[in-house]
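Taking it in order: structure first as structure tokens, then the write-up.
Both backbone and side-chain heavy atoms feed into the values below; hydrogens, waters and symmetry mates do not. Predicted model, so just to flag it, every value in this text is computed and none were measured.
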Amino acid sequence: MPNPKVSVVQYLNTAPLVWGMLKGEQQGKYDLEFTTPAACADAVHQRRADVGIVPSIEYQRMDKAQIIAGISIASKNAVKSVLLLCNKPIEKVQTVAVDNSSRTSAALVRILLRKFYSRFVTISPAPPRPDAMLKRADAALVIGDPALTFNGKAVAVYDLAAEWKKFTGLPFVFAVWAGHEDAVLSRFRKDFEQSRDYGLAHVDEIATEYAPKLKMTPEAVKVYLTENIDYSLDEDNRKGLREFYRLARETGIIPVERELLFA
């Protein structure tokens, strides 16, 4: 039997989830493909992957989908790697350039601007180059490592997880392990939990490997992975996810809310 195919987001925040598959007891059991969040979603949609780290909004766009219980990429407060960079105060923003690899964060910025800032903005996708994005729009949505390492100039910078927490009081779930129910995702759960736990137990090792690549200090990488990112899918995270789906429906991003089905 061939190894299950797993589509993985290529950002730093995913590293702990797959560290066991790369370095631990799960090594060699899965075929991993590293790509963008949008491409992960497409791989699962098109059944080129059995399971993927899917942007949370994409779960709502999949027929007969399931989520592997207990695991996510979430943030309880500020996330540091999902930023709205503004050329002007957010209350005056009319156009937003959105990282074209983003789907959940693109939905989140629409919800935040419409629901909490009463801004009906024009959104256009763009390659994730913050300086170029800010030349063509009032604001730029940047995600992942480009956001985490952004050191350019902006009039204002908004951390979207912190904004979400400010207005809803809830954590935000950016991505989940998801796939079609006929992939029998329950068979992956133990391995995926153990891979995550192995990664979180080896954060020092991850920081040592990733810090030079991102031009960050190992300590900054460790803080990001242990304080800004939450890898559980606890009850508070599930509440945040359900609220996100409710507001996505209200703003017309999705037509209906599918219930959360766990494997």
Side-chain angles (χ1 to χ4, degrees), residues 7-14 33-46 48-49 52-62 73 75 79-164 172-176 178 244-245 247-255:
S7 189
V8 183
V9 175
Q10 60 198 4
Y11 299 144
L12 168 63
N13 60 21
T14 301
E33 180 186 30
F34 291 84
T35 186
T36 67
C40 276
D42 292 342
V44 175
H45 273 297
Q46 297 162 11
R48 290 182 284 105
I53 299 178
V54 172
S56 55
I57 195 67
E58 289 298 307
Y59 171 76
Q60 291 288 331
R61 296 168 175 155
M62 293 170 60
I73 296 177
S75 182
V79 68
K80 285 187 181 175
S81 55
V82 180
L83 304 178
L84 186 67
L85 314 174
C86 298
N87 282 328
K88 56 181 65 175
I90 196 169
E91 294 83 3
K92 296 182 179 180
V93 166
Q94 294 181 307
T95 56
V96 182
V98 172
D99 183 334
N100 56 15
S101 69
S102 166
R103 294 191 179 164
T104 289
S105 299
L108 175 58
V109 77
R110 285 180 185 269
I111 290 168
L112 288 170
L113 288 170
R114 188 173 303 179
K115 285 289 185 180
F116 304 118
Y117 285 100
S118 300
R119 303 303 301 161
F120 289 81
V121 299
T122 300
I123 289 181
S124 58
R129 295 192 290 271
D131 292 339
M133 295 164 84
L134 287 171
K135 287 179 181 177
R136 60 181 282 188
D138 296 334
L141 172 66
V142 186
I143 69 169
D145 297 348
L148 187 62
T149 57
F150 175 72
N151 60 4
K153 293 182 179 179
V155 170
V157 178
Y158 296 85
D159 184 300
L160 293 196
E163 288 291 296
W164 173 261
F172 191 81
V173 176
F174 288 96
V176 292
F244 173 53
Y245 291 153
L247 293 176
R249 178 184 55 78
E250 284 189 4
T251 51
I253 294 168
I254 56 174

Restricting to side chain to side chain contact (heavy atoms under 4.5 Å, CB included), what partner residues turn up for Thr35, sequence neighbours left out? Ser7, Ala39, Cys40
In the structure I gave you, are the side-chain heavy atoms of Ile111 and Phe244 within less than 4.5 Å of one another anywhere? yes
Listed by chain and number, what are the ring pair (Phe, Tyr, Trp, His ring centres under 6.0 Å) partners of Phe174, not counting sequence neighbours? Phe172
Please list all pairs meeting side chain to side chain donor-acceptor pair (under 3.5 Å) that have one or both residues in residues 100-114, counting only residues at least two apart or in different chains. Tyr11-Ser101, Asp42-Arg103, Ser56-Thr104, Asp99-Ser101
Mind checking side chain to side chain donor-acceptor pair (under 3.5 Å) for Glu250 and listing every partner two or more places apart, or none if nothing turns up? Lys115, Arg246
Quiz: residues 82-93 side-chain donor-acceptor pairs under 3.5 angstrom, not counting sequence neighbours:
unit_1	atom_1	unit_2	atom_2	d
Asn87	ND2	Leu134	O	2.7
Asn87	ND2	Ala137	O	3.0

Donor-acceptor pair, Ser81 side chain versus Ala147 backbone, under 3.5 Å? no
Got a sec, which residues hit ring pair (Phe, Tyr, Trp, His ring centres under 6.0 Å) with Tyr59, two or more places apart in sequence or on another chain? none
Sorted by chain and residue number, the salt bridge (Lys or Arg N to Asp or Glu O under 4.0 Å) partners of Arg249 (sequence neighbours excluded) come out as Glu257
Got a sec, which pairs hit salt bridge (Lys or Arg N to Asp or Glu O under 4.0 Å) with one end in residues 118-133, sequence neighbours left out? none
Please identify each residue that fulfils side chain to side chain contact (heavy atoms under 4.5 Å, CB included) with Ser124, with sequence neighbours left out. Arg136
Ring pair (Phe, Tyr, Trp, His ring centres under 6.0 Å): pairs with one or both residues in residues 87-119, sequence neighbours excluded: Phe116-Phe167, Tyr117-Phe167
Quick one: list whatever passes side chain to side chain contact (heavy atoms under 4.5 Å, CB included) with Ala175, sequence neighbours left out. Ile53, Ile73
